[in-house]
Amino acid sequence: MPPSRSLRLSTALLTGVLLLGGLATAPTAAGAPAATAATTAVRVNQVGYLPDGPKRATVVTTATQTLTWQLRNASGALVASGSTVPRGADTPSGQSVQVADFSSYRNTGSGYVLAVDGNSSAPFDIRTDLYDSLRSDSMAFFHHQRSGIAIDASLVGSAYARPAGHLGVAPNRGDTSVPCQATVCDYTQDVRGGWYDAGDHGKYVVNGGISTWLVVNSFERAKRAGRDAALGDSTLRVPERGNGIPDVLDEARWELDFLMRMQVPEGKPYAGMAFHKVHDAAWTGMPLRPDQDAQPRELHRPSTAATLNLAAAAAQCARVFRPYDSTYADRCLSAARRAWTAAQANPALYAPATDSTGGGAYEDARVTDEFYWAAAELYAATGESAYRDAVTSSSWHTSADAFSPYGFGWADTAALGRLVLATVPNGLPASDLARIRASVTAAADGHLSRMAAQGYAVPVPADGYFWGSNGEVADDAIVMAVAGELTGDGRYRAGALETMDYLLGRNALGVSYVTGHGETSSQNQHHRFWAHQLDASLPHPPAGSLAGGPNSALQDPVAQEKLAGCAPAACYIDHIDSYSTNEVAVNWNAPLAWLAAYAAERTSTGGEPPTAACAVTYTVNNVWNTGFTATVTVRNTGPTAVDGWQLAWSYPGGQRVTSAWNATVAQNGTTVSARAADWNRAIAPGATASFGVQGTHTGSNPSPTAFTLNGSACA
């Protein structure tokens with residue numbers, strides 16, 4: 001569980017987190033690295049760069065004179081060269097650096113290497129579809145983290161499959177009938193479902209609220225830009241695919257349902273409030289798969305902060321889900337209204353900082369920002385004057401501090417209210433809207449200024465490397481991206497994209513903090529199931545999982561032992577027991593997923609046009625009066641291997657698939673989706689995979705003409 005942001009950490013919480021998870025008795029992996037070591041002095045985005053995006057690298061060197069950089073393609077041929085810009089001492093990293101800018105090179109390809117002063121970078125690509133897989137993988141993280149549902153091998157692969165956790169099946173004791181902590185309530189509540197918050201099995205409304213909001217907001221932004229098809233139905237590896245609802249919203253709904261289950265029932269004390277959290281009565285050891293957790297579960301006292309998170313996320317749900325499921329939207333709005341009314345009646349019910357046994361405290365004794373955020377969402381959803389008045393009377397509506405240099409987060413949510421009001425049509429006066437939008441661009445300008453002053457172009461202040469700093473970086477990128485949307489100024493898009501460079505390898509350690517993306521990436525993030533470092537039979541974290549990142553406070557024993565004296569931006573170690581630098585969390589992956597979806601969008605001008613990465617042949621082999629068989633062959637026309645595929649199409653004649661071979665096929669209406677078998681999940685560049693279907697037809701059997709592979713259109 002990630003604790004409070006460093007600016008608001010209390011002594012009590014710091015004491016509590018150092019005792020996290022029984023790690024004092026957890027086994028230490030043999031041969032674990034003492035620290036994360038960079039492999040080269042030339043630090044690049046190890047995944048690559050977009051043809052029309054910024055392309056910069058940082059070079060660690062004591063040289064003070066300008067150096068020559070050379071860009072070579074996979075064949076070793078020189079394709080571009082230029083001179084570096086000396087930057088000298090970079091305070092956050094403690095390094096002396098220079099910067100190489102090769103943004104003018106816009107050709108595409110794989111296996112590029114940047115060489116400077118006898119050092120060569122990790123290989124990287126330049127291509128328009130660079131972030132397609134990260135868009136999918138970073139969202140798949142939430143499916144992996146689902147509680148209360150079996151994680152199916154057909155969706156995630158056999159290594160990550162597991163039984164449902166916390167459904168009351170032995171040895172689990174919850175979450176279908178969870179009692180409260182002593183003195184909190186005298187009844188039990190069904191709080192199944194939702195996402196496990198981080199590396200433990202706790203579920204927290206305050207962190208779930210902002211994470212859900214970011215996932216849904218990602219879809220909102222894409223829809224405003226006319227690019228929501230890439231986040232639509234049958235684009236993600238989720239069991240709900242093919243149901244006519246965008247998969248991103250299906251994933252968010254899993255958490256929204258849990259958040260609404262955490263609402264205190266009518267007729268009970270604090271009715272309409274939200275229980276702050278549910279988790280084990282005591283910390284569990286590692287490793288531990290969720291379904292093997294035998295600890296009793298407890299509901300913790302309702303809090304105003306949790307209640308307002310519910311109000312904000314549910315009000316957003318009411319807006320965004322309405323075109324797809326109006327009944328569910330109505331349910332969300334009802335829950336949001338009840339939560340708002342309850343929070344108004346209990347405006348100062350704070351979660352205690354000392355409540356950190358078995359789970360994080362997530363304490364927050366300032367909730368005026370949550371009131372502002374929730375009011376903004378309810379006003380955007382309803383247009384009602386009561387919510388508008390709550391917005392305009394809030395001190396946060398005109399405060400210069402709504403956007404902090406340290407970014408927004410679960411304990412600092414005023415910025416979310418501003419982002420809602422700046423982007424969702426509402427009835428505020430034009431002067432109000434202009435001021436709100438100007439505050440977004442001013443915050444983005446601050447991030448760009450900090451990036452320009454640092455050798456690694458990081459938007460956070462030099463003292464901003466605290467618990468979850470990578471989430472902070474991604475949050476800042478969102479502000480820049482929205483500023484670009486509001487103004488059309490390309491500087492903001494460039495800034496948002498350049499933050500991705502930092503997360504994917506252009507940093508003080510030369511490591512990609514995202515598992516499975518980049519030549520040298522995090523592999524041993526703190527997690528009770530993805531615990532290969534402790535038990536070789538368990539998997540590493542799945543691709544797309546973001547590590548918390550450098551934390552100069554060194555708040556775990558491994559970090560204290562291995563990283564003493566580290567420069568702030570280098571206070572990270574890829575070790576499973578370093579929970580203060582290397583844990584995962586939904587509120588860090590949510591902005592990563594937002595940013596990946598944004599970065600994956602094709603721009604209409606500049607760079608190479610997007611090309612199909614697949615070609616499909618649909619051959620009818622046999623047809624009779626009411627039936628048919630067909631073979632479907634998909635060819636990988638892209639430059640990199642496909643690892644795990646889902647092919648989707650619609651039947652123009654209303655045909656129905658009755659059986660299939662060499663793939664798992666499901667159908668909803670006319671839409672069909674086929675998932676790879678374990679043995680044919682990988683398709684090398686230029687290679688093919690085939691499978692067959694048998695189905696029925698009524699009078700005609702026209703072949704489908706349009707296919708998508710993992711959400712991208714095929715030729």
Side-chain angles (χ1 to χ4, degrees), residues 33-47 49 54-70 82-102 113-122 124 405 447-466 469-470 472-473 476 495 498-514 518-522 547-554 559 562-575 578 581-582:
T36 303
T39 56
T40 173
V42 183
R43 312 287 166 78
V44 297
N45 180 330
Q46 295 175 17
V47 173
Y49 300 86
K55 303 177 193 68
R56 299 185 182 93
T58 299
V59 185
V60 181
T61 176
T62 57
T64 57
Q65 75 278 12
T66 293
L67 302 173
T68 298
W69 60 259
Q70 295 182 325
S83 298
T84 60
V85 176
R87 298 299 301 267
D90 180 60
T91 300
S93 67
Q95 298 166 348
S96 179
V97 300
Q98 300 197 22
V99 174
D101 189 339
F102 54 105
V113 170
L114 188 71
V116 183
D117 199 26
N119 295 291
S120 296
S121 72
F124 57 88
H447 295 321
L448 289 176
S449 178
R450 281 181 287 279
M451 293 175 73
Q454 296 184 33
Y456 287 101
V458 194
V460 306
D463 62 350
Y465 293 89
F466 45 70
S469 62
N470 283 342
E472 175 196 12
V473 169
D476 292 344
E498 205 165 358
T499 61
M500 194 71 94
D501 299 345
Y502 169 81
L503 296 175
L504 295 173
R506 184 191 170 197
N507 52 54
L509 295 170
V511 61
S512 168
Y513 292 116
V514 182
E519 190 83 0
T520 304
S521 68
S522 299
N551 175 11
S552 59
L554 304 183
K562 305 294 186 182
L563 301 175
C566 56
C571 293
Y572 168 83
I573 181 169
D574 186 23
H575 193 293
S578 183
T581 76
N582 205 33

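Note that the structure is a prediction, hence the values are computed from the model and not measured.
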S.K.: Using a 3.5 Å distance criterion without hydrogens, assess whether the side chain of Q98 forms a donor-acceptor pair with backbone atoms of T61.
M.R.: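 The answer is no, because no donor-acceptor pair under 3.5 Å joins these two groups.
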S.K.: Identify the heavy atoms of T66 and P86 that sit nearest to each other, and give their distance.
M.R.: OG1-CD, 3.9 Å
S.K.: Quick one: does E498's side chain have a donor or acceptor within less than 3.5 Å of a partner on R56's backbone?
M.R.: no
S.K.: Examine the side chains of S469 and Y572 and answer whether a donor and an acceptor come within less than 3.5 Å of each other.
M.R.: no
S.K.: Minimum heavy-atom separation for V44 and A57, please, with both atom names.
M.R.: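 Where V44 meets A57 most closely, the heavy atoms are CG1-CB, 3.7 Å.
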S.K.: Indicate the atoms forming the closest heavy-atom contact of T581 with C571, along with that distance.
M.R.: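 Residues T581 and C571, closest heavy atoms: CG2-O, 3.4 Å.
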S.K.: Would you find a donor on one side and an acceptor on the other, under 3.5 Å apart, between the side chain of T499 and the backbone of V473?
M.R.: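 No.
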S.K.: Do the side chain of R43 and the main chain of T40 share a donor and acceptor less than 3.5 angstrom apart?
M.R.: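 Yes, R43 side chain to T40 backbone: donor-acceptor pair under 3.5 Å.
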S.K.: Please verify the inter-ring angle class for F102 with F124; under 30° counts as parallel, over 60° as perpendicular, anything in between as tilted.
M.R.: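 Tilted, since the angle between the ring planes falls between 30° and 60°.
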S.K.: Where the side chain of E472 meets the backbone of P459, is there a donor-acceptor pair that is under 3.5 Å apart?
M.R.: no
S.K.: Does the S552 side chain pair with the main chain of Y465, one donor and one acceptor, at a distance under 3.5 Å?
M.R.: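 Judged by distance alone, yes, a pair lies under 3.5 Å.
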S.K.: What's the shortest heavy-atom distance between S120 and V113, and which atoms?
M.R.: CB-CG1, 3.6 Å
S.K.: I need the minimum non-hydrogen distance between T84 and A100, along with the two atoms involved.
M.R.: CG2-CB, 4.1 Å
S.K.: Quick one: does any side-chain atom of D90 pair with a main-chain N or O of Q454 as donor and acceptor, under 3.5 Å?
M.R.: no
S.K.: Give me the atom names and distance for the closest heavy-atom approach of N470 to P550.
M.R.: OD1-CD, 4.0 Å
S.K.: Using modelled atom types and a 3.5 Å cut-off, is there a donor and acceptor pairing between side-chain atoms of Q46 and backbone atoms of E519?
M.R.: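 Such a contact is found between Q46 side chain and E519 backbone.
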